[in-house]
Protein chains: 2
Amino acid sequence: MCNDKCNNNIVIPTDDMIIELADTFKVFSDSSRIKILYSMINQEMCVRHISQKVNMSQSAVSHQLKTLKQARLIKYRKEGKEVYYSLDDEHIEKILNVVIDHIKEERNE
Amino acid sequence: MCNDKCNNNIVIPTDDMIIELADTFKVFSDSSRIKILYSMINQEMCVRHISQKVNMSQSAVSHQLKTLKQARLIKYRKEGKEVYYSLDDEHIEKILNVVIDHIKEERNE
DNA sequence: TGAATATATGAACAATTATTCATATATTAT
DNA sequence: ATAATATATGAATAATTGTTCATATATTCA
């Protein structure tokens, strides 16, 4: 019924899911945003500290945080004048790691 | 030495790796390319069949295959007039699945 | 060699996007 | 209320990118 050269048993995502996939990848596809994500691995970070750590203007960071927030890659918590951002969940770090694994394997071949 | 609010034990990727990460994500960040990738899960596909399956012009597909090839997301094999493309390795499907997992979890919250 | 088929590619155009600059909003302390 | 600090945001600009159209290259067959 179905041999190796056949992918009928694969569930092809719906068009909506394809678009959501592409949109999610797009948010990861900028080095500034990736640096920002790494800045808050394992720790909450306020905007000012992120700016310092990734060496970007406060405004540029804030714009990118908005993008990351809308894509639900990060969450935030307000405390006084400050806003603390952190990764949305463990998936985010996992996604980064899976792609790193791919890149590192490509290098050895 | 190092508590919960500290990420000193995390290896922050080098700037080069950050750029490679972003570039790799960028190649995934287009729905046409994602459709093309799905078209060849578990099977080699020639360009003409990909065009038909994803409903894109031959030229558009060929341009995108070049992008996917340069990023080493796919590999190819020539046979007569035809060129057969397939996913570079198992990482590619894994990367897609990890992001799908994230999207699906977000939906439930 | 010439025709037919499969794939690749260069140029051009429209659309998207990251940053900067200026300014707005929000919170706290005096 | 005012000043100071933290963050957000709108407009504008420069740069990047996906598709189309036309054409080039490569392979097979008659």
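Reckoned from all heavy atoms, side chains included, excluding hydrogens, waters and symmetry mates.
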message: Measuring from the side chain of A/Ser32 (C-beta onward, heavy atoms only), which nucleotide among C/dT19, C/dT9, D/dT7 has the closest atom?
response: C/dT19

message: Any N or O donor-acceptor pair under 3.5 Å from the base of D/dC21 to the side chain of B/Ser59?
response: yes

- request: Specify the residue among B/Val47 and A/Met56 whose closest nucleotide of DNA chain C lies further upstream toward the 5′ end.
  value: B/Val47

- line: Comparing nearest nucleotides in DNA chain C, the 5'-proximal residue of the pair A/Lys81, A/Gln64 is A/Gln64

query: Could you state the NZ-P distance from A/Lys35 to C/dA18, rounded to the nearest angstrom?
result: 14 Å

task: Describe the nucleic acid contact of B/Tyr85 in one word from base, sugar-phosphate, nothing, applying a heavy-atom distance below 4.0 Å.
output: sugar-phosphate

- prompt: Any salt bridge between A/Glu20 and B/Lys104, counting N to O under 4.0 Å?
  reply: no

statement: Side-chain contact check for A/Ser62: nearest option of C/dT7, D/dT7, D/dT28 is D/dT7

task: Please identify each residue that fulfils ring-ring contact (aromatic ring centres under 6.0 Å, His included) with A/His91, with sequence neighbours left out.
output: B/His102

task: Check the distance between D/dT17's P and B/Phe25's CZ and give it to me in whole angstrom.
output: 16 Å

query: To the nearest Å, how far apart are A/Ile74 CD1 and D/dA8 C1'?
result: 13 Å

- prompt: So what does B/Lys78 touch, heavy atoms closer than 4.0 Å: a base, only the sugar-phosphate, or nothing?
  reply: nothing

task: Rounded off to whole Å, could you give me the NE2-to-P distance for the A/His63 and C/dT16 pair?
output: 19 Å

statement: Between CG of B/Asp30 and C1' of C/dA15 the distance, given in whole Å, is 13 Å

message: Between A/Phe28 and B/Leu21, is there a side-chain heavy-atom distance shorter than 4.5 Å?
response: no

message: Under 4.0 Å, counting only non-hydrogen atoms across every strand here, what does A/Thr67 touch: a base, just sugar-phosphate, or nothing?
response: nothing

message: If you go through the side-chain atoms of B/Gln58, does one of them form a donor-acceptor pair with the base of C/dA6 closer than 3.5 Å?
response: no

message: Output the rounded distance in Å from CZ (B/Arg77) to P (D/dT27).
response: 15 Å

task: Rounded off to whole Å, could you give me the CD-to-P distance for the A/Glu79 and D/dA6 pair?
output: 14 Å

Close side-chain approach of B/Phe25 to A/Leu96, heavy-atom, < 4.5 Å: yes

query: Among D/dT17, C/dG10, D/dG18, which nucleotide sits nearest the side chain of B/Lys66?
result: C/dG10

query: Between D/dT7, C/dA18, C/dT20, which one does the side chain of A/Val83 approach most closely?
result: D/dT7

message: Base, sugar-phosphate or nothing for B/Glu82? Non-hydrogen atoms, less than 4.0 Å.
response: sugar-phosphate

query: Could you state the CZ-P distance from B/Arg48 to C/dA6, rounded to the nearest angstrom?
result: 4 Å

